[in-house]
Every structure is written in structure tokens, then in C-alpha cells.
Colleague: 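Just passing along the structure, written as C-alpha cells.
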Amino acid sequence: MTAPSPTEADAPDRTIGAGPAGRPVHDRLEKILLQVALAILFGLTLTRPLLTLTGAFDHGVTSTARQMAYAGLLALTAITLWTGPGKRQWMVLPLPILLTMGWAGLSLLWSVTPATSLAKWALTAIVVWTCFLCTDRLGARRSIRLIQAMLLIALVVDYATVLVDPWLGIHNYGVDQNNPWRGIMGHKNIAGTVSGITVLMFALYGTVRTRWLRYGVALAALVFLGLTSSRASMIGTALALILAFVLHRHGDAIARKGDQDEATWFRRIGPLAWATTAILPILLTLRGDWFVQLVANPALWSNRGEIWQPMVLSYLSHPWSGAGFGAFWSSADPGAPGMIRDASRWSGVTQGHNGYLDLAVQIGLPGLLIALFAVIAWPLDLLAKAMKADKRTGALCFALLLFFLLNNMAETSLFDGDQVPQVFAMMALGLIAALLRRNGMSARPRAVRRDETVPTIDPILRRRSRNGRATLDRPTRR
């Protein structure tokens, strides 16, 4: 038995139990630590509304506990870099994500509240890095199954909370007739978001043998979603699910045709979608009067216009720099450049209910355009390749990203700490990057089933002739 070559030893998709002595122990330890880290991250994400919104826990205690938990999470993920054999690459973030986080970090230099901006940036950086690192090291199957388990637990707890403690699990229970469900999520919109993501995760990913169990969980999550009365989540889930099924159906065509037809057309959507999306904020920046008139009605979109008015005024006062990452809603000084509003009136508001406007107010127009490129143009440009590697994972990532982009029209989660849609979107981006890295950024699919026709030529088979010399057989068709 010969030892594997250095290339094989350093391969990121190695299997447990293969390789020289000692490797299985390192592999198992690394996988265990990474799964613990991923479970901690999603546990903190899914329990955040319960700890911060319901009022059932002391805010100072929960804030300190969460800070310590994220510090421990950062230490744990750092430890995993030295558990495996050989040198580990710690930089798993792609360039568009690095540029976005870099610009957000640069905004700390002019932030109206530098300490708060630093804390918010550090939290977002930990979340993003953990998502990319864990998905890169664990792979799609382990990562998704672990997250599905976390979502299933959250769904069971939500139903149990509604039945056992309806005053906590149902909004305005016993007060009026408008009683949307919220479970432990503290708000119907967050409960709707988690339920919608659960539907996508279980409906789009899994084996044939577990399809009835998966569809049962997806149906239960869909029922809970309907009872939350969260319209934004309902619309986002429906659109993401339908388009993901269409993409999954045509995944084989994309994989077979390579750089032609569907694949080329699909990769062109990314830059086109980014350019189309970027036109609106650029026009509104150049014509600020249009922007002000657009949000002049306070009752616009369920009274969101009342929140957007001071945000627009603040943005137009410094559109190229912003108030600083995470600084707009944290300043108590109404005279601060980023806070053109009555601080006492808005003390209970912590987001602008529009992720794109929120990010523009924080890091300006350049930062918004970079962020849009990172979550629209870059993933769509590479999703055709990801579909060729694993069409189930590709379709799921597409659905999660589409849900994330639609959700940010009514809520804020775009590069916003550990908000639920943000964490799942970073996981989807991490899965896309991991699929391409594991396949060497190749356009080739991982495998071709024997019952499929090979699109170009069959693999060339090598055999030995009688005189010992290697010869090549002619290509054959399967």
C-alpha cells in the first residue's frame, strides 16, 4: 500500500479513514469542531429574537452572554485551522465579500459612533467568516443536514410555545382578533422568515428515501408561515420555491451544455441584474428631490414611509460615505450627521425595514453597489457552474439568495450581523464558493450517470498491450 501524493493529502474533499496513520483522528476532530461551531452559530441566530425581543430576559445579561458566545465561536473556528494535518488556509472569503467587508470596515474612520460600528462590524465579520469556513470544510451535505436539524428543532419549539404559552407564542393573544403566530421568535415577521427558510431547506434538499419526511416538515413550516400573516415572507417563499424548482428541473441541461445556451444565458443574468439594480440608487442619488418625494407619504407600505423619510434625508446629506457601518440606529444624538431624527421618538426603532436603504445610509452609495455585486452579480455568475457540481445544492442556494433579496425590500438583514436571512444567505454563498473550490473552478460536472449520454466524447480508456506498452483505445459510446 503506497502513501498518497501531497496533492491527494491536501485535497479539501478527502474522506475520513483514508490516508496515512493519524489522519482519521485529525479529520474526525476537525469535523466535530466545525459542526459544533456551525451549530453554535445557528443556535445563536435562531435564539436571538427570543433573547432580545420578547423581554423575557435581562438585556444587559443577554448582550454580555452573546458577546462571550461569539468570542468563543471565533476561538473555536480558529482552533479548527490547526487541528487537521498540513497547513490550513484561513482565508476562504471570495473577493466580492472581502471588498464589501473592507469598505464597511473603512467606514469606521468617519463613523458617528466608532465603538458601536466596530462592534457591529466584528459581529458581521465573525458570522460571514464562520459561514464560509464551515461550509468549505464540511461540504454541502454535512452543513445542510445540520442546519435542517436546527430548523426542525426551532419549528417544534415554535409550535410547542404556541400551545403551552400562547401569550408568548401569539401576538396580542386575548387582546384583539388580530393574533398572528410568532412562536419564540418575538415578532411575526421573524417567525415568518424562519418558517419560509425551513420550507425551502426541506423541500429542496434531501434524498429520495426521505422525501415524505422532508415534505411533511416543509408542510408544517408552511402552515406556521401562513399563521404568522407575514406577507413579505409568504411572497418570498412562493417565488423562491417556484423558481428553484424550475432551475432544478433544467439543471441537467445547464450541466450538459457547458458554456452554451442555458449556461451562458444564466451567467449573463448576474451582471445584468446588478446593473439594473444599481441604476435606481444612482438615479435617486443624483436626483435627491425624487427620492424625497418617493417617501413623502408616511403611510407608504404599512407606515414604513415614516421611517424612510429621516433615512433618506440623512443619506442625501452624505451619499458617498454614509454615517458609518451600524451607526445610524445606534446614535442617541439627534444632531449627529447620521441621525437627522428625533431620538426620543425613534428610540424603539432599530432598523429601517429596507436592507438596501439601511446599508446605503450606513456606508454610502459605493458600499451599497459593492454589496449588491457580492450578493447578486457574483453568485449568479457562478451558479451555473455550481449547478453542474451539485444541482440540488445549487437550486437551494439560489432559493435562499432570492428569498434574502426579496426579504430585504421589507426588512433589514443585508450584511447586518446575525439576522436570520443574512446568516442563511452567507451560508448559501459559502456553499457556492465551496462547490467551485472543490471542483477546481472547473466547468465539468462531478460525475455523469451511466444512463446519460456523454455530450462530447467518452473518456479515453487506457489499457496495456501484450508487449507491455500503453495504448489508447478509441472513444466509445455508452
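Just the heavy atoms: all of them, side chains too, but no hydrogens, waters or symmetry mates, feed the values below. Nothing fancy with the numbering, it's 1 onward along the sequence. Because the structure is a prediction, the values reported are computed rather than measured.
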Colleague: Just to verify, what does T193 make a side chain to side chain contact (heavy atoms under 4.5 Å, CB included) with, not counting sequence neighbours?
Modeller: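 Counting only residues at least two positions away or on another chain, T193 forms a side chain to side chain contact (heavy atoms under 4.5 Å, CB included) with I197, S233, F403, N407, V420, P421.
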Colleague: Among all residues two or more places apart in sequence or in another chain, which pass the side chain to side chain contact (heavy atoms under 4.5 Å, CB included) test with I153?
Modeller: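 For I153, the residues satisfying side chain to side chain contact (heavy atoms under 4.5 Å, CB included) (neighbours in sequence not counted) are V157.
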Colleague: Applying side chain to side chain contact (heavy atoms under 4.5 Å, CB included), can you list everything that pairs with L405, at least two apart in sequence or on another chain?
Modeller: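 Checked L405 against side chain to side chain contact (heavy atoms under 4.5 Å, CB included); matches are Y356, V375, I376.
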Colleague: Would you please name every residue forming a side chain to side chain contact (heavy atoms under 4.5 Å, CB included) with L152, sequence neighbours left out?
Modeller: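 Checked L152 against side chain to side chain contact (heavy atoms under 4.5 Å, CB included); matches are V156, F202, V217.
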Colleague: Hey, could you give me each pair passing side chain to side chain donor-acceptor pair (under 3.5 Å) that has a residue in residues 148-168? Not counting sequence neighbours.
Modeller: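 For residues 148-168: none.
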Colleague: Side chain of T77, backbone of L74: donor and acceptor closer than 3.5 Å?
Modeller: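 Present.
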Colleague: Name all residues meeting the side-chain hydrogen bond (donor to acceptor under 3.5 Å, both in side chains) criterion together with T124; count only those two or more places apart in sequence or in a different chain, and write none if there are none.
Modeller: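 Residues passing side-chain hydrogen bond (donor to acceptor under 3.5 Å, both in side chains) with T124: none at all.
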Colleague: Test of understanding: with side-chain hydrogen bond (donor to acceptor under 3.5 Å, both in side chains), list the residues that count as partners of R392, not counting sequence neighbours.
Modeller: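 If we apply the side-chain hydrogen bond (donor to acceptor under 3.5 Å, both in side chains) test to R392, skipping adjacent residues, there are no hits.
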Colleague: Scan for ring-ring contact (aromatic ring centres under 6.0 Å, His included) pairs involving residues 44-75, sequence neighbours excluded, and state none if there are none.
Modeller: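 Of all non-adjacent pairs touching residues 44-75, none passes ring-ring contact (aromatic ring centres under 6.0 Å, His included).
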Colleague: Atom OG of S413 and atom CG of D358: how far apart are they, to the nearest 0.5 Å?
Modeller: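 S413 OG to D358 CG: 10.0 Å, rounded to 0.5 Å.
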Colleague: Identify, with sequence neighbours excluded, every residue that meets side-chain hydrogen bond (donor to acceptor under 3.5 Å, both in side chains) alongside H171.
Modeller: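 Counting only residues at least two positions away or on another chain, H171 forms a side-chain hydrogen bond (donor to acceptor under 3.5 Å, both in side chains) with R182.
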Colleague: Applying salt bridge (Lys or Arg N to Asp or Glu O under 4.0 Å), can you list everything that pairs with R214, at least two apart in sequence or on another chain?
Modeller: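 Here no residue qualifies.
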Colleague: My understanding is that only residues two or more places apart in sequence, or in another chain, count here; which of them pass side-chain hydrogen bond (donor to acceptor under 3.5 Å, both in side chains) with T393?
Modeller: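 For T393, the residues satisfying side-chain hydrogen bond (donor to acceptor under 3.5 Å, both in side chains) (neighbours in sequence not counted) are D390.
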Colleague: If you look only at pairs with a residue in residues 35-54, which of them pass as a ring-ring contact (aromatic ring centres under 6.0 Å, His included), with sequence neighbours excluded?
Modeller: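 The answer is F42-F424.
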